[in-house]
**Q** 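If you scroll down you'll find the structure; I have some questions about it.
Every chain is numbered from 1 and lettered A, B, ... according to where its sequence line falls, protein lines coming before strand lines. Values below: all heavy atoms of this structure, side chains included; hydrogens, waters and symmetry mates excluded. Here the structure is a predicted model, which means the values were calculated and not measured.
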There are 2 protein chains.
Amino acid sequence: MSANLRDIADRVGLSVTTVSRALNGYDDVAEKTRQRIIAAAKELDYAPNLTARRLRKQRTDMLGFILPTFGPRFSDPFFSEFIAGIGNEAARQEFDLVVSTHSPESEGERRAYLRAANGNWVDGVIVVRTRWKDSRIALLEAHGFPFVAFGRYGVDATAPYVDEDSIAGISILTQHFIDLGHQTIGFIAAPSNLMFGRYRLQGFTETMERNGLAVETAQIAEGDLTETGGAAAAARLLASFPQLTAVIASNDLMAIGAMKTLQKAGREPGVDVAVGGFDDVPAAAYANVPLTTVRQPIYEIGRKTCAMLIDIIAGRPLAAHQILLKPELVVRASSGVPLATSPSPDERRSSGALQSE
Amino acid sequence: MSANLRDIADRVGLSVTTVSRALNGYDDVAEKTRQRIIAAAKELDYAPNLTARRLRKQRTDMLGFILPTFGPRFSDPFFSEFIAGIGNEAARQEFDLVVSTHSPESEGERRAYLRAANGNWVDGVIVVRTRWKDSRIALLEAHGFPFVAFGRYGVDATAPYVDEDSIAGISILTQHFIDLGHQTIGFIAAPSNLMFGRYRLQGFTETMERNGLAVETAQIAEGDLTETGGAAAAARLLASFPQLTAVIASNDLMAIGAMKTLQKAGREPGVDVAVGGFDDVPAAAYANVPLTTVRQPIYEIGRKTCAMLIDIIAGRPLAAHQILLKPELVVRASSGVPLATSPSPDERRSSGALQSE
DNA sequence: TTGAAAGCGCTAACAC
DNA sequence: GTGTTAGCGCTTTCAA
């Protein structure tokens with residue numbers, strides 16, 4: 001294929017070693033020699049063989065990202081923004097990003113992590129959607145393999161992570177609804193094996209109790225994080241806890257699904273019932289009724305996660321081992337208006353209930 | 001790090017050569033020997049060094065995907081589904097996928113393709129969003145480097161591609177609106193340097209003309225494929241071609257933006273004006289007024305593109321060099337009702353105009 | 001059926 | 001300032 005060091009060396013009549021040093025900017029090469037070498041390299045259209053360099057240096061300069069998929073899609077639309085974040089940061093530091101798609105907890109996923117932990121596939125991996133007693137992390141830690149997680153993974157975790165503060169996020173959202181006069185709020189939880197699912201549920205119950213509002217099991221339903229799952233969970237909620245005046249879902253997709261169920265049941269989101277989500281995916285703003293939600297700076301999280309991993313690989317000291325980012329409330333039409341001044345059904349279409357963010 | 005062939009060889013008292021052959025399933029190894037070797041490999045937790053293997057075999061078993069980004073996002077949300085398609089197919093055939101994010105036509109993108117074409121980064125690349133006289137493809141062809149494009153790239157193209165038939169797609173959508181009674185249809189075009197932009201515009205004008213409807217420049221506006229761009233283009237259209245009763249955008253994001261502009265101008269999509277998009281991204285179904293659009297089987301396109309590329313790399317004969325997939329019309333509320341029976345403004349909220357797909 | 005030897009292209013320790 | 005030598009871990013002739 002393309003020219004190699006030997007070709008250049010032959011051309012200029014020097015040794016391969018000198019050529020290598022000249023091209024890599026070592027200062028023990030005569031400036032004149034270097035110029036000749038660089039010229040020859042350009043002429044021959046030289047590009048270093050990455051594989052050979054990797055073998056020699058025992059580093060791949062590649063990062064692994066095992067991406068959870070759900071059917072033909074990403075498990076969450078925000079992973080695309082996350083990839084942009086890690087991708088750009090990786091490129092900036094001259095790392096390649098290897099992406100491997102697997103459904104969560106599958107055999108394929110396990111093998112992918114095993115391959116990483118065994119070394120020489122990539123120099124480090126990024127773990128997302130951390131789970132309770134996460135076997136992926138246990139594996140990586142057992143092998144002493146470099147990784148950074150997006151999400152925490154246990155109380156006594158000492159290894160590095162970047163995470164958004166789900167408890168704080170759900171808390172501001174819940175408080176927002178309570179301040180609007182809601183007391184009976186249904187909650188659509190994420191599967192409890194997912195760490196963020198636990199935190200979001202915790203944020204909800206804590207905030208309710210802080211406001212003197214009891215939480216019954218009937219007002220909590222679990223969903224699978226998809227729109228369909230959210231719709232189904234909302235239906236169960238409506239059956240077990242019909243008195244609800246607001247619904248909070250653990251992610252935007254489920255909130256959007258819940259809104260559809262509510263509409264079908266004759267309860268208009270933003271008018272008869274307040275609805276909130278989490279993540280602020282693009283669809284939240286586009287939704288039939290624009291969705292109040294909690295924004296995570298997901299691109300930034302990706303960038304930080306990646307930067308941290310590269311620091312670890314390079315053996316650089318970390319500014320912080322564990323980063324917890326504060327999410328931000330985004331109020332849209334699905335919040336509706338304060339309960340006290342809520343419009344009667346006759347006035348539905350007119351009031352400011354459907355105004356945008 | 002982990003054990004290598006030499007470790008196993010020492011352990012069982014055989015040569016590295018024999019161990020290699022045993023582990024790679026050559027049949028010139030005594031079955032008993034093979035068993036011993038496999039046992040030792042398991043004990044030592046052996047994993048082959050991919051880098052060494054790659055250097056020796058002069059193949060990386062990696063595919064490159066240079067993903068166009070727009071700010072902190074993918075250029076199009078459907079690229080996430082596309083990645084899932086290529087990722088799963090690649091994994092199935094034991095290839096790794098290297099993803100590199102770059103904004104279109106940037107210097108970084110150029111360098112990424114150059115690195116690929118120079119060899120030894122990956123074995124082949126997938127090109128998306130093909131452009132008129134695409135310099136990326138010219139580069140790859142000049143170097144004889146394996147690639148498959150999602151999208152065509154010129155009239156006399158001989159190299160492999162997978163594409164959806166944009167002309168047919170826009171055609172069925174346009175015909176759908178014409179059949180509903182629309183004669184004055186505005187069109188929001190994609191940048192004309194993008195091949196699919198050209199095809200979609202062509203599909204529109206051809207279909208109009210086939211129906212005896214003239215197309216003026218005033219009824220076409222160009223947008224940058226984002227929601228904001230679509231909103232701006234719709235505003236221009238409204239100014240230059242106010243008589244329009246329907247708007248077709250070259251992608252869903254722009255259609256959604258256009259709907260917002262129309263709403264602000266007091267023209268309700270699905271009631272006063274029909275709106276159509278292209279792609280069927282998730283947001284199309286979630287939109288304020290669910291969007292009529294043309295669905296592309298994007299996961300399948302990703303899978304096929306990837307499979308084709310691997311066949312080329314492996315030197316296998318291709319079943320087809322160029323695949324053109326038929327897209328499918330998805331009718332939703334934004335189509336509205338036939339113009340003849342369209343409800344008067346007073347009846348807006350009642351009729352079937354807002355019924356779902 | 002097994003082993004010795006060569007070499008993929010590069011870098012780095014050590015001469016000179 | 002430049003060259004010699006060695007070797008990263010693997011596969012593949014070729015010979016025994």
Side-chain angles (χ1 to χ4, degrees), chain A residues 1-41 44-62 94 96 115 118-123 314, chain B residues 1-41 44-62 94 96 115 118-123 314:
Chain A
M1 189 94 31
S2 75
N4 60 25
L5 288 186
R6 153 118 277 118
D7 297 329
I8 301 179
D10 289 352
R11 168 75 82 107
V12 295
L14 289 166
S15 74
V16 170
T17 314
T18 305
V19 174
S20 169
R21 275 190 307 233
L23 259 20
N24 286 295
Y26 282 62
D27 59 0
D28 59 352
V29 180
E31 198 44 39
K32 245 181 128 168
T33 316
R34 159 172 287 119
Q35 293 311 332
R36 268 172 61 217
I37 291 174
I38 289 177
L44 294 174
D45 207 28
Y46 171 76
N49 185 309
L50 298 174
T51 309
R53 181 178 280 174
R54 283 169 182 158
L55 178 59
R56 176 63 232 227
K57 292 199 156 181
Q58 296 291 77
R59 288 171 89 261
T60 63
D61 288 335
M62 298 198 292
E94 312 211 292
D96 275 324
R115 187 161 72 128
N118 262 330
N120 75 49
W121 175 48
V122 293
D123 295 337
Chain B
M1 189 88 38
S2 73
N4 59 26
L5 286 185
R6 152 117 278 117
D7 296 329
I8 301 179
D10 289 352
R11 168 75 81 106
V12 295
L14 289 167
S15 76
V16 170
T17 312
T18 305
V19 174
S20 169
R21 275 191 306 234
L23 259 21
N24 286 296
Y26 283 58
D27 59 1
D28 59 353
V29 180
E31 198 44 38
K32 247 181 127 170
T33 316
R34 160 173 285 119
Q35 293 311 332
R36 268 171 61 217
I37 290 174
I38 289 177
L44 294 175
D45 207 28
Y46 170 76
N49 184 308
L50 298 174
T51 308
R53 181 177 280 176
R54 282 169 182 158
L55 179 59
R56 174 63 231 225
K57 292 197 153 182
Q58 297 291 78
R59 289 174 87 259
T60 63
D61 288 335
M62 298 197 293
E94 314 213 288
D96 275 325
R115 186 160 73 130
N118 261 328
N120 75 48
W121 173 47
V122 293
D123 295 337

**Q** For A:Arg53 and C:dT11, is the shortest distance between a side-chain N/O and OP1 or OP2 below 4.0 Å?
**A**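 A:Arg53 to C:dT11 OP1/OP2: side-chain N or O found under 4.0 Å.
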**Q** Mind jotting down which residue pairs meet the salt bridge (Lys or Arg N to Asp or Glu O under 4.0 Å) criterion with at least one end in residues 46-58 of chain A? Sequence neighbours excluded, please.
**A**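 Passing the test, one end in residues 46-58 of chain A: A:Arg54-A:Asp96.
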**Q** List for me each residue that meets side-chain contact (heavy atoms from CB on, under 4.5 Å) alongside A:Asp27, sequence neighbours excluded, and say none if there are none.
**A**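 Partners of A:Asp27 by the side-chain contact (heavy atoms from CB on, under 4.5 Å) criterion come out as none, since no residue qualifies.
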**Q** Between protein and nucleic acid, restricted to nucleotides 13-16 of chain C and to nitrogen or oxygen atoms under 3.5 Å apart, what atom pairs and distances do you find?
**A**
none

**Q** Please round to the nearest 0.5 Å and tell me the distance separating atom CG of B:Leu5 and atom OG of B:Ser15.
**A**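 One gets 10.0 Å once the value is rounded to the nearest 0.5 Å.
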**Q** What distance do A:Leu55 atom CG and A:Leu50 atom CG have between them, rounded to the nearest 0.5 Å?
**A**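 Between atom CG of A:Leu55 and atom CG of A:Leu50 there are 12.5 Å.
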**Q** Think A:Asn49 has a side-chain N or O under 4.0 angstrom from the OP1 or OP2 of C:dC8?
**A**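 For C:dC8, neither OP1 nor OP2 has a side-chain N or O of A:Asn49 closer than 4.0 Å.
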**Q** For A:Ile8 and C:dG9, what is the distance between atoms CD1 and C1' respectively, to the nearest whole Å?
**A**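 About 12 Å, once rounded to whole Å.
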**Q** Taking 4.0 angstrom as the limit, do B:Arg6 and B:Asp10 come out as a salt bridge?
**A**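 So B:Arg6 pairs with B:Asp10 through a salt bridge.
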**Q** Figure out the CG/C1' separation between B:Leu14 and C:dA4, and round it to whole Å.
**A**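 Interatomic distance, CG of B:Leu14 to C1' of C:dA4: 14 Å.
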**Q** At under 4.0 Å, does any side-chain N or O of B:Ser15 touch on OP1 or OP2 of C:dG3?
**A**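 B:Ser15 to C:dG3 OP1/OP2: side-chain N or O found under 4.0 Å.
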**Q** With no hydrogens and no angle check, is any side-chain donor or acceptor of B:Asn118 less than 3.5 Å from a backbone partner on B:Arg115?
**A**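 Such a contact is absent between B:Asn118 side chain and B:Arg115 backbone.
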**Q** Rounded to whole Å, how long is the line connecting atom CG of A:Leu44 with atom P of C:dG9?
**A**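 Spelled out: CG on A:Leu44 to P on C:dG9 is 14 Å.
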**Q** C:dT11 phosphate, OP1 or OP2: any side-chain N/O from A:Gln58 under 4.0 angstrom?
**A**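 No, no such contact exists.
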**Q** Could you list by number each residue of residues 32-40 of chain B showing a heavy-atom separation from DNA chain D of less than 4.0 Å, or answer none if no residue does?
**A**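 Heavy-atom cutoff 4.0 Å gives no residues at all.
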**Q** Check the distance between C:dA12's P and A:Asn24's CG and give it to me in whole angstrom.
**A**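 From A:Asn24 CG to C:dA12 P: 8 Å.
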**Q** In this structure, how many angstroms lie between the P atom of C:dC8 and the CG atom of B:Asn120, rounded?
**A**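 The distance from CG of B:Asn120 to P of C:dC8 comes to 14 Å, rounded to the nearest Å.
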**Q** At what distance, to the nearest 0.5 angstrom, does CG of B:Asp28 lie from CZ of B:Arg34?
**A**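 Taking CG in B:Asp28 and CZ in B:Arg34, the distance rounds to 8.5 Å.
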**Q** Who are the salt bridge (charged side-chain N to carboxylate O under 4.0 Å, His left out) partners of B:Glu94, not counting sequence neighbours?
**A**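 Result, salt bridge (charged side-chain N to carboxylate O under 4.0 Å, His left out) vs B:Glu94: none returned.
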**Q** Going 5' to 3' along DNA chain D, which are the first and last nucleotides with any atom under 4.0 Å from a heavy atom of chain A?
**A**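 Reading along DNA chain D, I get D:dG1 to D:dG9.
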**Q** Can you tell me the distance, in whole Å, between the CG atom of A:Asp10 and the C1' atom of C:dG9?
**A**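 Roughly 13 Å, once rounded to whole Å.
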**Q** Does the side chain to side chain contact (heavy atoms under 4.5 Å, CB included) test come out yes or no for A:Trp121 and A:Thr60, once each step is laid out?
**A** CA-CA 7 Å; A:Trp121 175 48; A:Thr60 63; over 6 Å; no
**Q** What distance do B:Gln58 atom CD and A:Asn49 atom CG have between them, rounded to the nearest 0.5 Å?
**A**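 Between B:Gln58 CD and A:Asn49 CG, I get 6.5 Å after rounding to 0.5 Å.
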**Q** Can you check whether B:Tyr26 has a side-chain N or O nearer than 4.0 Å to OP1 or OP2 of C:dT2?
**A**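 For B:Tyr26, the contact criterion (side-chain N or O under 4.0 Å from OP1 or OP2 of C:dT2) is not met.
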**Q** State the CD1-CG distance between B:Ile37 and B:Leu23, to the nearest 0.5 angstrom.
**A**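 Taking CD1 in B:Ile37 and CG in B:Leu23, the distance rounds to 7.0 Å.
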**Q** Begin with the C-alpha distance, continue with both residues' side-chain angles, and end with the deciding distance and a verdict on side chain to side chain contact (heavy atoms under 4.5 Å, CB included) for B:Thr18 and B:Val12.
**A** CA-CA 11 Å; B:Thr18 305; B:Val12 295; over 6 Å; no
**Q** Nearest heavy atom decides the nucleotide; on that basis, is B:Thr18 or A:Leu5 closer to the 5' end of DNA chain C?
**A**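 On the 5' side of the pair lies B:Thr18.
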**Q** In whole angstrom, give the distance that lies between atom CG of B:Leu55 and atom P of C:dA6.
**A**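 Value for this atom pair: 18 Å.
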